[in-house]
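Take a look at the structure set out below.
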Amino acid sequence: MGPIAVTYQPKSEFLRTIIARGFLADCTDLQGLDEKLTEGPVTCYIGYDATAKSLHVGHLLNIMLLRWWQKTGNRPITLMGGGTTKVGDPSFRADERPLLTAAEIDANIAGMQAVFDRYLDYGTGPNDAVMLNNADWLDGLNYLDFLRDIGRHFSVNRMLSFESVKSRLDREQSLSFLEFNYMILQAYDFLELNRREGCLLQMGGSDQWGNIVNGIDLTRRVLESEIFGLTTPLLTTSDGRKMGKSQGGAIWLNGDMLSPYEFWQFWRNTTDADVGRFLKLYTELPVAECDRLGALKGSEINEAKIVLANEVTTLLHGAEAAAAAEATAREVFEKGGTGEDLPTLELTPEELGDGISVVQLITRTGLAKSGKEAKRLIADNGARLNDAPLSDAGLMIGAADLAEPIKLSAGKKRHALVVLAG
């Protein structure tokens with residue numbers, strides 16, 4: 001699903017901005033929300049389950065949405081799923097998520113908070129962001145009271161009709177009762193945030209539409225509050241891949257899980273057809289400038305990709321990291337150098353021993369996920385050692401070879417250094 005065509009012309013700065021930039025997939029009542037936004041600051045939330053130590057590029061669209069929400073004078077809530085992570089969102093999944101301990105969930109939330117701090121201003125002002133944890137109200141629920149007071153508002157027939165559940169059942173894949181409860185708990189989050197924080201809007205990806213509508217219906221029934229839901233498109237790249245996935249795995253937003261250089265390189269490698277769209281969604285450049293850059297052809301589009309990579313990396317890692325990544329890329333690609341900011345594997349003399357296979361090095365630097373994949377890369381002439389073709393999968397690297405750092409490459413765009421610890 002892509003951005004929708006909107007015939008209604010909103011008055012609020014937020015809706016005008018996100019429609020022009022391509023963020024809007026659907027809204028429960030666009031005109032009603034617009035009227036609320038023109039009356040003064042509105043509180044909204046997006047929920048994030050703490051399933052990993054970092055958010056990834058797939059989350060970045062909605063993080064930018066929250067940033068625009070705050071920049072246009074409104075108050076964002078980042079809701080950490082300390083409670084719901086214990087259940088696991090079944091939406092469009094083929095299997096049940098692994099259950100995490102409370103300590104793992106807390107550690108994941110801390111890692112995610114470091115990313116949010118880059119994009120949002122937290123505090124106590126009227127439009128300062130607030131971070132809350134749904135464990136604060138979900139952990140203490142009395143099961144029988146919850147069934148009686150909240151469960152009676154849910155129709156199992158209707159819940160089974162939601163596409164996220166229906167697709168799982170149609171494939172005859174098991175859906176546990178634990179997971180089935182997830183949508184009730186998420187709906188209850190919206191009710192609690194409306195009651196506690198005056199929250200009037202939940203936003204999320206279009207795969208969350210059913211969960212969002214559930215929360216709106218529940219809150220209207222229990223509190224008789226008028227609230228809203230808004231979704232963003234589920235993005236795929238122009239060649240059909242899910243946004244945020246690469247050959248090397250997830251594109252993490254925490255610098256200790258993915259270096260600023262690798263993050264920069266991900267955006268520099270954007271397909272030509274996606275440049276204009278990604279500039280509008282992931283940067284704050286004016287729409288007209290995004291359109292101009294996205295329309296460039298031939299070699300000029302590469303400069304637009306560098307602008308995209310610099311802008312996105314600056315927002316997350318800072319201008320200095322973006323400039324260093326660009327300098328490294330130019331040295332590696334234009335001058336044939338090694339580039340100091342490339343991902344680096346540091347070997348101790350003990351690890352090196354009498355020598356280490358090049359297949360092991362390709363795997364340990366992350367250029368391949370397994371030894372089998374590394375061997376296939378070499379067999380397909382996709383691997384290079386110090387910019388020279390690498391054809392011998394049995395090659396051993398010894399101490400003499402590492403007198404200077406060596407550069408390994410997978411294809412034309414992915415590189416890493418191997419150095420011997422001094």
Side-chain angles (χ1 to χ4, degrees), residues 52 54 56-58 93-95 98 235-252 256-274 302 305 309 325 328-329 331-334 336-339 341-348 350-421:
S54 171
H56 55 72
V57 160
R93 287 182 60 85
D95 51 9
L235 281 194
T236 55
T237 56
S238 58
D239 55 5
R241 286 181 295 115
K242 188 176 179 181
M243 180 62 188
K245 297 293 183 184
S246 75
Q247 289 178 330
I251 305 300
W252 299 109
D256 59 347
M257 292 178 69
L258 187 81
S259 72
Y261 172 79
E262 291 171 289
F263 182 77
W264 187 95
Q265 195 65 46
F266 169 79
W267 295 98
R268 169 61 183 81
N269 292 338
T270 296
T271 306
D272 293 3
D274 292 324
N302 290 328
K305 293 178 185 180
T328 296
E331 183 184 344
V332 170
F333 296 113
E334 295 175 14
T338 54
D341 273 1
L342 285 179
T344 301
L345 170 66
E346 190 172 297
L347 292 174
T348 64
E350 291 76 24
E351 286 177 298
L352 182 62
D354 294 331
I356 188 168
S357 75
V358 74
V359 166
Q360 266 190 282
L361 293 182
I362 291 172
T363 307
R364 288 187 58 185
T365 54
L367 295 175
K369 293 179 183 176
S370 65
K372 185 177 179 181
E373 187 179 305
K375 289 174 183 175
R376 187 166 61 245
L377 184 72
I378 294 169
D380 293 343
N381 300 315
R384 298 175 79 83
L385 175 65
N386 290 334
D387 296 318
L390 177 60
S391 57
D392 181 9
L395 180 68
M396 297 295 291
I397 302 296
D401 301 304
L402 285 165
E404 295 288 336
I406 63 172
K407 175 181 164 189
L408 291 170
S409 304
K412 295 178 180 178
K413 298 177 178 178
R414 299 172 58 231
H415 310 273
L417 295 181
V418 181
V419 300
L420 188 59

Nearest-0.5 Å distance that lies between atom OG1 in T363 and atom NZ in K369: 12.5 Å
Going through the checks in order, is the side-chain contact (heavy atoms from CB on, under 4.5 Å) test met by D392 and V358? CA-CA 9 Å; D392 181 9; V358 74; over 6 Å; no
Provide the closest heavy-atom pair for W252 versus S54 in the form atom of the first, atom of the second, distance. CZ3-O, 3.2 Å
Considering all heavy atoms of both residues, which atom of Y261 and which atom of A329 are nearest to each other, and what is their separation? CE1-N, 3.9 Å
Determine whether V418 and I356 satisfy the following criterion, side-chain contact (heavy atoms from CB on, under 4.5 Å), listing intermediate values before the conclusion. CA-CA 11 Å; V418 181; I356 188 168; over 6 Å; no
Classify the ring geometry of W267 against F263: parallel below 30°, tilted from 30° to 60°, perpendicular beyond 60°. perpendicular
By side chain to side chain donor-acceptor pair (under 3.5 Å) - contacts of N302 (at least two apart): none
List the atom pairs, donor and acceptor, that lie under 3.5 Å between side-chain atoms in residues 374-382 and the rest of the protein, sequence neighbours left out.
none

Between R414 (side chain only) and L367 (backbone N and O only), is there a donor and an acceptor less than 3.5 Å apart? yes
Calculate, to the nearest 0.5 Å, the distance between atoms CG and CG belonging to L390 and L361 respectively. 10.0 Å
K305: which of T271, D272, N269, D274 passes side-chain hydrogen bond (donor to acceptor under 3.5 Å, both in side chains): D272
Working to the nearest 0.5 Å, report the span between CG of L345 and CD of Q360. 10.0 Å
Which heavy-atom pair separates S409 from H415 by the least distance, and what is that distance? OG-ND1, 2.7 Å
side-chain hydrogen bond (donor to acceptor under 3.5 Å, both in side chains) assessment of S370 paired with E373: CA-CA 5 Å; S370 65; E373 187 179 305; 4.8 Å; no
